[in-house]
There are 6 protein chains.
Amino acid sequence: MVRFSRRYIFCASHRLHVDTLSEEQNRMAFGKCNNPHGHGHNYVLQVTVSGPVDPSTGMVLNMATLDAAVRNTVLDRFDHQNLNFDPLFAAQTSTTENLCREIYHLLVPVLQPVFLRSVRIEETENNFFEYSGTIPAVSAA
Amino acid sequence: MVRFSRRYIFCASHRLHVDTLSEEQNRMAFGKCNNPHGHGHNYVLQVTVSGPVDPSTGMVLNMATLDAAVRNTVLDRFDHQNLNFDPLFAAQTSTTENLCREIYHLLVPVLQPVFLRSVRIEETENNFFEYSGTIPAVSAA
Amino acid sequence: MVRFSRRYIFCASHRLHVDTLSEEQNRMAFGKCNNPHGHGHNYVLQVTVSGPVDPSTGMVLNMATLDAAVRNTVLDRFDHQNLNFDPLFAAQTSTTENLCREIYHLLVPVLQPVFLRSVRIEETENNFFEYSGTIPAVSAA
Amino acid sequence: MVRFSRRYIFCASHRLHVDTLSEEQNRMAFGKCNNPHGHGHNYVLQVTVSGPVDPSTGMVLNMATLDAAVRNTVLDRFDHQNLNFDPLFAAQTSTTENLCREIYHLLVPVLQPVFLRSVRIEETENNFFEYSGTIPAVSAA
Amino acid sequence: MVRFSRRYIFCASHRLHVDTLSEEQNRMAFGKCNNPHGHGHNYVLQVTVSGPVDPSTGMVLNMATLDAAVRNTVLDRFDHQNLNFDPLFAAQTSTTENLCREIYHLLVPVLQPVFLRSVRIEETENNFFEYSGTIPAVSAA
Amino acid sequence: MVRFSRRYIFCASHRLHVDTLSEEQNRMAFGKCNNPHGHGHNYVLQVTVSGPVDPSTGMVLNMATLDAAVRNTVLDRFDHQNLNFDPLFAAQTSTTENLCREIYHLLVPVLQPVFLRSVRIEETENNFFEYSGTIPAVSAA
């Protein structure tokens, strides 16, 4: 089993805010990420798939296939957008923890049967988040 | 003369849009940067001052002095904000070209008499902008 | 379970030397890291916690909470210091292997009940060390 | 158990091509990586070993020992070479998946009894590959 | 005047060799870069233009315009190719010094009337080359 | 004229302290850099030479020549050392401003007749210093 990771960037804005919390509670929970007009990031996305190496091509997954899946499913949806306007964040905050998990679940079906090992996002050069799927017993790498 | 550069990061959102242009003209000029709800970046700011080395301390400028000037003048103003809501961008687009020039002019008076050589901003890891002041004849480095 | 990692930097000096070894043995074991007056590094520390995402805030752990813990426990102690003068390195060498493990054990109690997954230190851009705690059965991520 | 990783760079050229496939099939599988005269990369190799910390030196493995092993076994063989001319790639494509696996198997015997946890290669700043050996039950880290 | 730089990557192979020199002289001049089957690099290209900021758009040059010029003139020509097969390097070695200068002269006519300030190439993370055009008196930045 | 820059790293310790200043004045001037037992950095040195491209080799300066000069003159002297013990810093503080200037003057004679354009040092990822020699009229680049 070899892991293949590829790195993508998308630029988006967001605001951390929970409607059911008071203004002060929001400030306590989110600090300046709660500023009213939002802010933004260059999100660095790292998608890792894992699997056996195809003996004829020497690849785990064709890079063009992965690129198309990520572009159609993730980049076209989030790049140069405000995350808070996406239906995925209508009922939950647009933290990078939630963003990781949502992107993971968006990619799993379009990458099948290739195993999506993890989705990692660098929100800034100092903050990284990673969500890993459950490793199926058969293809555990 | 030695140049001393220091690097700062601020996260902000913005939208490129000119009210006097049509929707199509805005799209032509700014592409996805014109998307209606904005997007954002981790702006990497590099401030470069230049001057003689103080023989007693061995420094061009005390780092704490520079940090305080940049924090009070730039970071507290733009970090975790939407640039378009700042008065500086009421009458001009919030491109990084304009942002560089505005930050340069905000910093010059608070750093005097130290010479501010340039303000450089990385909008993403692939786009950099730099604005340099006119070098006074006497202290040309 | 989501992993949240945050990156910190501290600048310190040290010297690798074992009193019970001869001068030549020290030189064999540590090379130029044994030079008598010490040397130093910009240590890049990466702290990774792992846990469920709080459904109300969308976070694994508040960043301000993590920052305070790391600042009080690690940065205030080691930044701009000589590691060899710290009691932790009175009876063991100040290698980055040992530093990783000590920082891990310093952080566990102040981060509880959050699970500290690993402490990783980049000694230089070419040398990385990582210490991972035992994953408790219940919260295995 | 502590993990110790060290980073090396080698510059090599290669071409992805399978003789038993047609010209069009090669183009489909490998895209521009199939261009006839080859291309090249700065391969960034990260070797990770894992083990207990020697209580007398505070190290997992002496850096000079690791460097000599990697230089003799990997760098002297692949740096500033065309991978396709190496016997290892006579019967398989010189993809970075295969390169990872081959380097792993070249290093295991020369590093024994130290456990080689993984070999990771960055082909470009956007593509990473990693091969991990099976973790022996006794020394599982 | 503001400088706008944009970063591109292309992967290519080459060999440093001068036909009129002896085998030993080639080895003396180029070391392992003279190895017979070539090697390669991820060339990181940084193109810097300089000019006044258009008051209506706030830009020095539309990024899409620059990208198209660089793609058509440079990337489509050199990416995933062997530089030695390009007519530009029929009569001169494919050093990065020469590559910088050639790319500069390829880009000047397609970017006019925008001023191309410099072309910088990182051959590896440790070697950088830069070629700057003569600054015309009128638009000196 | 082409500029050729090469990047080196050395790890050293130092302490900022002026004997003729009081303890409080030292603290005011240097902050935690004045801590009594010193601290350290991974100094990233960038040496830039500038000159015409040799038409036979296509190079500004042979890389092996530059490496030998920097190793003998700078790296062997400062790597894994305490800067304060070097005679160069007996009568001046070991700030990176002073270090840049001293390295510049150490390198000029050993690189002649090649023009040493500048010496740049990154003390940390956030602090950069650069010293440039006077450009001789004849070979101005």
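In this text, all values refer to a predicted model and were calculated from it rather than measured experimentally. Just so we're on the same page: letters track the sequence lines, and every chain starts at 1.
- For chain E, the nearby parts of D/D79 are the backbone and the side chain; heavy atoms of each come within less than 4.5 Å.
- Using a 4.5 Å cut-off between heavy atoms, D/I9 contacts chain E through its side chain alone, with no backbone atom that close.
- Using a distance-only test at 3.5 Å, with no hydrogens or angles considered, no donor-acceptor pair links the side chain of D/N84 to the main chain of D/H14.
- For E/E125 and D/R7, the salt-bridge test passes: some basic side-chain N is under 4.0 Å from an acidic carboxylate O.
- Taking the six-membered ring for Trp and thresholds of 30 and 60 degrees, E/F85 and D/H37 have nearly parallel ring planes, at less than 30 degrees apart.
- Comparing E/Q81, E/R15, E/E123, E/H41 by how many heavy-atom pairs each has under 4.5 Å with chain D, the most go to E/H41.
- Relative orientation of the E/Y131 and E/Y104 rings is perpendicular, given thresholds of 30° and 60° on the angle between their planes.
- When each of D/N42, D/N82, D/V44, D/N35 is scored by its heavy-atom pairs under 4.5 Å with chain E, the top score falls to D/N42.
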